[in-house]
There are 2 protein chains.
Amino acid sequence: MLNHEWAGADRVFHALADANRRAIIQRLTRGPATVSELARLLGVTVAATVQHLQVLQTSELVRSEKAGRVRTCQIDPSGLRRAEEWLRLQRTTWEHRLDRLGDVLGESAADHSTTTTTSDDPSTTSREEPRS
Amino acid sequence: MLNHEWAGADRVFHALADANRRAIIQRLTRGPATVSELARLLGVTVAATVQHLQVLQTSELVRSEKAGRVRTCQIDPSGLRRAEEWLRLQRTTWEHRLDRLGDVLGESAADHSTTTTTSDDPSTTSREEPRS
DNA sequence: CTCATGGTTAAGCATGCACTTAACCGTAGG
DNA sequence: CCTACGGTTAAGTGCATGCTTAACCATGAG
């Protein structure tokens with residue numbers, strides 16, 4: 001149930017894959033910052049920072065507004081939440097399977113058709129994006 | 001506090017950045033699978049699948065054992081947990097900041113030196129990896 | 001107006017990455 | 001032994017990515 005809309009997962013995780021982008025997020029959790037502040041923090045050009053910010057914004061990890069000629073960036077929680085939920089879903093699914101498996105082993109402790117628990121469910125999962 | 005050891009974060013998030021690797025994880029939460037099963041699921045070569053599995057293993061997202069000539073893969077929860085915790089830390093840090101900000105706005109509602117809450121904490125965070 | 005500051009955009013480049021093919025190894029089964 | 005199957009490894013290829021420089025736009029200060 002609630003397979004939700006893991007469409008954006010690709011964007012979010014791709015954004016999180018870069019150390020500098022994670023550093024931006026980490027910084028912004030402490031409070032808003034301007035583009036050049038972030039650039040100084042990362043030790044890269046302002047141009048590079050802007051590119052990172054574009055990625056972070058399209059994945060809904062960061063929001064930003066322009067006041068005068070200064071752009072101020074801050075955290076957008078929706079992206080973080082999405083990633084967090086995807087991970088939690090995977091972990092809980094895995095844990096529930098272990099629970100069921102424990103039940104079976106507890107009830108009929110004699111019969112164990114062992115690791116052949118595989119491949120008996122053809123396509124229940126429905127991939128998120130079968131790649132482009 | 002508890003800045004822990006976000007060293008492996010780079011590996012984990014890089015691993016999670018690929019849609020096919022996430023598909024592997026998603027599949028393995030339902031139960032173990034062999035290499036060729038995963039290859040068939042992804043619609044790519046067995047060779048490509050092995051490469052993905054190497055990435056997933058070094059980031060502690062998947063474990064695997066070889067029995068005879070068949071390698072069986074399953075979830076390794078430690079990687080998932082690490083990623084989940086990093087995200088949770090960022091989100092909670094951000095939320096706590098909002099709380100403190102709410103306190104200030106509640107107590108001394110008159111004085112607001114507004115959005116200048118920025119840049120007054122030079123380097124409290126200590127980057128995880130200042131990039132190679 | 002003029003200059004400086006903060007940001008945006010466009011190439012260009014070098015590296016990394018996902019995938020393929022192809023040769024190869026090890027374990028069954030006949 | 002011989003063949004088939006599951007997996008591993010090594011090149012090689014094409015595309016994406018992260019960064020830089022450089023030209024450019026817009027706003028604020030003198």
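Chain letters run A, B, ... following the sequence lines, proteins first and then strands; every chain starts at 1. The structure presented is a predicted model; accordingly, all values stated were derived computationally and were not measured. Both backbone and side-chain heavy atoms feed into the values below; hydrogens, waters and symmetry mates do not.
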If I take atom [atom1] in residue [X] and atom [atom2] in nucleotide [N], what distance separates them, rounded to the nearest angstrom?
X        : N       : atom1 : atom2 : value
Gln54(B) : dG7(D)  : CD    : P     : 14 Å
Arg11(A) : dA16(D) : CZ    : C1'   : 16 Å
Asp10(B) : dG16(C) : CG    : P     : 13 Å
Leu38(A) : dC19(D) : CG    : P     : 13 Å
Asp18(A) : dA16(D) : CG    : P     : 18 Å
Ile24(A) : dC19(D) : CD1   : C1'   : 13 Å
Phe13(A) : dA16(D) : CZ    : C1'   : 20 Å
Leu53(A) : dT9(C)  : CG    : C1'   : 15 Å

Query raised in the report: Among dA18(C), dG6(D), dG7(C), which nucleotide sits nearest the side chain of Val70(B)?
Result: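 For the Val70(B) side chain, the nearest candidate turns out to be dG6(D).
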Report task. Measure from the side chain of Arg71(A), starting at C-beta and using heavy atoms only, and say which of dT8(C), dA18(C), dT8(D) lies closest. Result -> dT8(C)
Report task. Would you list the pairs meeting salt bridge (charged side-chain N to carboxylate O under 4.0 Å, His left out) in which at least one residue belongs to residues 52-64 of chain A, sequence neighbours left out? Result -> Glu60(A)-Arg82(A)
Query raised in the report: Contact class for Val46(B) (heavy atom, under 4.0 Å): base, sugar-phosphate, or nothing?
Result: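 Answer is base: heavy atoms of Val46(B) come under 4.0 Å of a base.
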Requested in this report: With rounding to the nearest 0.5 Å, note down the distance linking CD1 in Ile24(A) to CG in Leu41(A).
Outcome: 8.0 Å
**Report entry** Salt-bridge present (Arg81(B), Glu85(B); N to O < 4.0 Å)
**Finding:**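 Salt bridge between Arg81(B) and Glu85(B), a charged N being under 4.0 Å from a carboxylate O: no.
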**Report entry** Short N-O contact, Glu84(B) and Arg88(B), less than 4.0 angstrom
**Finding:** no
OP1 or OP2 of [N] versus the side-chain N and O atoms of [X]: is any pair under 4.0 Å?
X        : N       : result
Gln51(B) : dA10(D) : no
Ser36(A) : dG7(C)  : yes
His52(A) : dT17(D) : no

Query raised in the report: What string of B, S and - do you get for nucleotides 22-30 of chain D, 5' to 3', if B is base contact, S is sugar-phosphate-only contact and - is no contact with any protein heavy atom under 4.0 Å?
Result: -----BS--
Report summary line: Of His14(A) and Ala48(A), the one whose closest nucleotide on DNA chain D sits nearer the 5' end is His14(A)
Report task. Dump the intermediate steps for side-chain contact (heavy atoms from CB on, under 4.5 Å) on Leu16(A) and Ile25(A), then the final yes or no. Result -> CA-CA 9 Å; Leu16(A) 288 171; Ile25(A) 293 176; 3.6 Å; yes
Query raised in the report: Looking just at side-chain N and O atoms, do Ser64(A) and Gln74(A) make a donor-acceptor pair shorter than 3.5 Å?
Result: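 No - no donor-acceptor pair under 3.5 Å links their side chains.
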Query raised in the report: Hey, is the main chain of Val44(B) close enough, under 3.5 Å, to the side chain of Arg40(B) for a donor-acceptor pair?
Result: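 No, the answer is negative, given that no donor and acceptor are paired below the 3.5 Å cut-off.
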